[in-house]
Amino acid sequence: MANSSVDPAGAPNAAPPRLSIGLPVYNGDAFLAQAIDSLLAQSYRDFELIISDNASIDGTEAICRVRAALDPRIRYFRNEENLGAMHNFNRVVELSRGEYFKWAAHDDLHEPAFVERCVEALDRHPDVVLACTKLVDIDEHGVRKPVEVPVLAWDSPHPNARFRALANPHHRCESIFGVVRTAVLRGTMLLSDYAGCDRVLLAQIALEGKFYEVPEVLFLHREHKRRSTREFRSEQTRTFWFNPARAGRPVYPHVRMLRGYANVVAGARVPFLDKAACIAMLVPWSIRNRPGLWTDFTFAMSHMITRWKDTRVGQT
């Protein structure tokens, strides 16, 4: 459950904004104020900022409430307990009212033109379903570091080419923080509770239409020690970050990713030949990901052996 005392959208005559920005956060006070301020400073003004606080125990709540009191575009919600990243990310989508939607992380920054350029791209190209921009990495102090990203065929007219580009294990997933058509996003499975689910979601969105990259560096992606990918280095433990209810249970993130790709292809509204090409691509994907699939197996076997030993000890 979630409660909110800062929700100006509850007014009966409040007109829905064109864009909804969803910012899920848990204990993000180190960078949260900067992240919020960079969003409120966007040149494009017709948006709501939905903040879902996953029961933070640091200064997150105070930061959010102060800014919500100053800017009516902010809708602040606070969960009564930490329900995991999956729930919190999907929660802001459920609360959104805009034609377009954007996820924002509590530690990243955006140049003032980011939203405007992405909205312009979606308005100008009806066949584009997600717009993002070029990016750089920044550290804890905001120092920029250029990044090399592969050229992806995510703007191809062929659905199977776009799927292959987004199911590529080597691409960075920061396009998940682009601006997407809300109707398209809500037609997907949203985020699930395993490491790599964002890759599957991006591939599913790509089956619905083209991606567009604005040729300007307007997204500043922060790398720091407390990022989830650094705190939870293995896909196994990162699953618990997505969903704490899975703690202590065997998880199969690579197997579930493979099954997720197969499911989104099966449900895609694309020609049969495109579906066949996408399914065929999962064969080399499985070969490349043999180490991860084997890790899933060994992790599950270790869990079963541990439980068996505990049971034997309990019987003696």
Side-chain angles (χ1 to χ4, degrees), residues 16 18-24 48 50 52 83-105 118-119 121-122 125-132 152-169 171-213 238-239 241-243 253-272 274-275 277-279 281-282 285:
R18 188 93 192 281
L19 168 71
S20 295
I21 301 176
L23 196 163
E48 62 181 352
I50 306 164
S52 182
L83 301 175
M86 175 194 71
H87 174 91
N88 217 27
F89 269 77
N90 292 341
R91 172 70 168 157
V92 291
V93 179
E94 295 168 1
L95 292 167
S96 67
R97 303 177 300 146
E99 174 187 357
Y100 298 146
F101 178 85
K102 168 182 164 49
W103 270 307
C118 290
V119 170
L122 290 170
H125 303 289
D127 57 343
V128 168
V129 296
L130 184 149
C132 56
L152 302 176
W154 56 18
D155 58 349
S156 170
H158 305 293
N160 71 82
R162 300 194 302 267
F163 178 84
R164 184 166 59 251
L166 272 300
N168 177 352
H171 85 83
R172 295 176 54 140
C173 290
E174 279 80 8
S175 54
I176 199 76
F177 295 109
V179 178
V180 64
R181 299 186 190 275
T182 306
V184 170
L185 182 60
R186 284 186 171 153
T188 69
M189 62 182 182
L190 294 179
L191 289 174
S192 189
D193 60 351
Y194 59 89
C197 62
D198 49 350
R199 293 183 177 274
V200 178
L201 176 58
L202 284 171
Q204 185 176 21
I205 295 173
L207 286 170
E208 292 293 324
K210 299 178 182 179
F211 284 24
Y212 182 92
E213 183 181 66
R238 206 175 309 142
T239 294
W241 175 76
F242 278 101
N243 183 2
H254 299 90
V255 172
R256 295 184 68 195
M257 193 186 308
L258 178 59
R259 184 173 63 188
Y261 283 134
N263 288 341
V264 300
V265 171
R269 298 172 296 178
V270 299
F272 173 79
D274 280 296
K275 284 192 177 187
C278 291
I279 291 296
M281 189 278 298
L282 295 180
W285 184 96

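In what follows, every heavy atom counts, from backbone to side chain, and hydrogens, waters and symmetry copies are set aside.
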* Asked: So, Lys102 side chain and Gly22 main chain: donor-acceptor pair closer than 3.5 Å or not?
  -> no
* Asked: Taking Arg162 for the side chain and Gly209 for the main chain, is one N or O donor matched with an acceptor at less than 3.5 Å?
  -> yes
* Within a strict 4.5 Å, meaning less than it, do heavy atoms of the Phe101 and Val92 side chains meet? -> yes
* To do: Determine whether Phe163 and Asp274 make a side-chain contact, defined as any pair of heavy atoms from C-beta on separated by less than 4.5 Å.
  => no
* Structure fact -> On a heavy-atom basis, the closest approach of Ser175 and Leu166 is OG-CD1, 4.5 Å
* Asked: What's the spacing between Leu23 CG and Trp103 CH2 if we round to 0.5 Å?
  -> 12.5 Å
* May I ask you to say whether Glu94 pairs ionically with Arg186, meaning some side-chain N is under 4.0 Å from a carboxylate O? => no
* **Atom NE2 of His125 with >12 non-hydrogen neighbours under 6.0 angstrom** => yes
* Quick one: does Leu202's side chain get under 4.5 Å of Phe211's, heavy atoms only? -> yes
* Are any of the side-chain heavy atoms of Tyr194 and Met86 separated by less than 4.5 Å? -> no
* Atom pair CG (Asn88) and CG (Leu191), whose distance is rounded to the nearest 0.5 Å -> 11.0 Å
* **Nearest-0.5 Å distance, CG of residue Asn90 to CE of residue Met189** => 10.0 Å
* To do: Would you give the length of the straight line joining atom SG of Cys118 to atom CG of Leu130, rounded to the nearest 0.5 angstrom?
  => 8.0 Å
* **Residue pair Arg18 / Val119: nearest heavy atoms and the distance that separates them** => NH1-CG1, 4.2 Å
* Where do Ala121 and Ala131 come nearest, in terms of heavy atoms and distance? -> CB-CB, 4.0 Å
* Asked: Hey, are Asp127 and Lys210 close enough for a salt bridge, meaning a charged N less than 4.0 Å from a carboxylate O?
  -> yes
* Asked: For the residue pair Tyr261 and Trp285, does the interplanar ring angle fall in the parallel (under 30°), tilted (30 to 60°) or perpendicular (over 60°) class?
  -> perpendicular
* Structure fact -> Of all heavy-atom pairs linking Val265 and Leu207, the shortest is CA-CD1, 4.2 Å
* Taking Asp198 for the side chain and Cys173 for the main chain, is one N or O donor matched with an acceptor at less than 3.5 Å? -> no
* Would you find a donor on one side and an acceptor on the other, under 3.5 Å apart, between the side chain of Ser20 and the backbone of Gly98? -> yes
* Main-chain N/O of Leu190 paired to Thr188 side chain as donor or acceptor, under 3.5 Å -> yes
* Ignoring hydrogens and angles, tell me if any N or O in the side chain of Arg164 forms a donor-acceptor pair with the backbone of Pro159 under 3.5 Å. => no
* Asked: Are side-chain heavy atoms of Ile279 and Leu282 found at a separation under 4.5 Å?
  -> yes
* To do: State, to 0.1 Å, how close Cys278 and Asn160 come at their nearest heavy-atom pair, and which atoms those are.
  => SG-CA, 3.6 Å
* Can you tell me how far CD of Glu48 sits from CG of Leu95, rounded to the nearest 0.5 angstrom? -> 8.5 Å
* Rounded to the nearest 0.5 Å, how far apart are OG of Ser192 and CZ of Arg259? -> 8.5 Å
* To do: Check whether any side-chain N or O of Glu99 sits under 3.5 Å from a backbone N or O of Leu19 as a donor-acceptor pair, and report yes or no.
  => no
* Heavy-atom pair with the smallest gap, counting every atom of Ile50 and Ser96 -> CD1-CA, 3.5 Å
* Asked: Counting only N and O atoms by type, is there a donor-acceptor contact under 3.5 Å from the side chain of Arg199 to the main-chain atoms of His171?
  -> yes
* Taking 4.0 angstrom as the limit, do Asp193 and Arg256 come out as a salt bridge? -> yes
* Does the salt bridge (charged side-chain N to carboxylate O under 4.0 Å, His left out) test come out yes or no for Arg181 and Glu208, once each step is laid out? -> CA-CA 10 Å; Arg181 299 186 190 275; Glu208 292 293 324; over 6 Å; no
